[in-house]
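The block underneath contains the structure these notes are about, expressed in structure tokens.
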Amino acid sequence: NEPNGKMAPGHTFTIEPMICEGTAKVLNWNDDWTATTTDGKRTAQFEHTLLITKDGVEALTGKIETSPIQFWERESEVHKGIWLGTTPEARARAAEISNRDA
């Protein structure tokens, strides 16, 4: 909840999606940390930390060589394989990991 700024090389940020079985309407607990849905159904939350570089973006929480490739990464119509960022180095690592089982 801070004012908008401009991302620059060296900055990091997180993307934290929540997948909800029911409603996406959030109920924040008094501990100022815990969030649930108002209907109490199951949810899953994960996050990725991204680093802005002079050449693009790199996922700091990306996969490693032994990470399994999930079905949605294999079958995606939007982006085949894993995504580690937009820099040439990140694209090369992603291609190497994505193609290891091919």
CD of E96 to CD1 of I82, rounded to nearest 0.5 Å, is 9.5 Å
Taking every heavy atom of A35 against every heavy atom of V26, the minimum-distance pair comes out as CB-CG1, 4.0 Å
Nearest heavy-atom contact between A59 and W83 is CB-CZ3, 4.1 Å
Under a single-linkage definition using a 4.5 Å side-chain heavy-atom cutoff for Ile, Leu, Val, Met, Phe, Trp and Tyr, are I15 and M7 assigned to the same hydrophobic cluster? yes
Between the NZ atom in K63 and the CZ atom in R93, the distance rounded to the nearest 0.5 Å is 14.0 Å
Closest non-hydrogen contact found for S98 with G81 is OG-CA, 3.3 Å
Margin query: Using the rule that Ile, Leu, Val, Met, Phe, Trp and Tyr join whenever any side-chain heavy atoms are under 4.5 Å apart, tell me whether L51 and V57 fall into a single cluster.
Written below: no
Side chain of T49, backbone of T61: donor and acceptor closer than 3.5 Å?
no
Any luck finding a side-chain donor-acceptor pair between D39 and T37 under 3.5 Å? yes
| said: Heavy-atom count check: over 12 atoms from other residues, nucleotides or ligands less than 6.0 Å from D31 CG? | reply: yes
Discussion item. When you compare the side chain of S67 with that of I97, does any pair of heavy atoms fall below 4.5 Å?
Written reply: no
Rounded to the nearest 0.5 Å, the CG atom of L60 sits from the CG atom of L84 at a distance of 10.5 Å
Heavy-atom closest pair (T86 atom, G56 atom, distance to 0.1 Å) is OG1-CA, 3.3 Å
For A24 and C20, the nearest pair of non-hydrogen atoms, with its separation, is CA-SG, 4.0 Å
Worksheet item: Ignoring hydrogens and geometry, is there a side-chain-to-backbone donor-acceptor pair from T23 to K25 under 3.5 Å?
Response: yes
Exercise. Can E21 and R42 be counted as an ion pair, charged N to O under 4.0 angstrom?
Worked result: yes
Rounded to the nearest 0.5 angstrom, the OG1-CG distance for T36 and L27 is 4.0 Å
In terms of heavy-atom contacts, Q70 and E73 come closest through N-OE1, 2.7 Å
When you look at E58 and T87, which way does the side-chain hydrogen bond (donor to acceptor under 3.5 Å, both in side chains) test go after all the steps? CA-CA 7 Å; E58 291 211 21; T87 65; 2.9 Å; yes
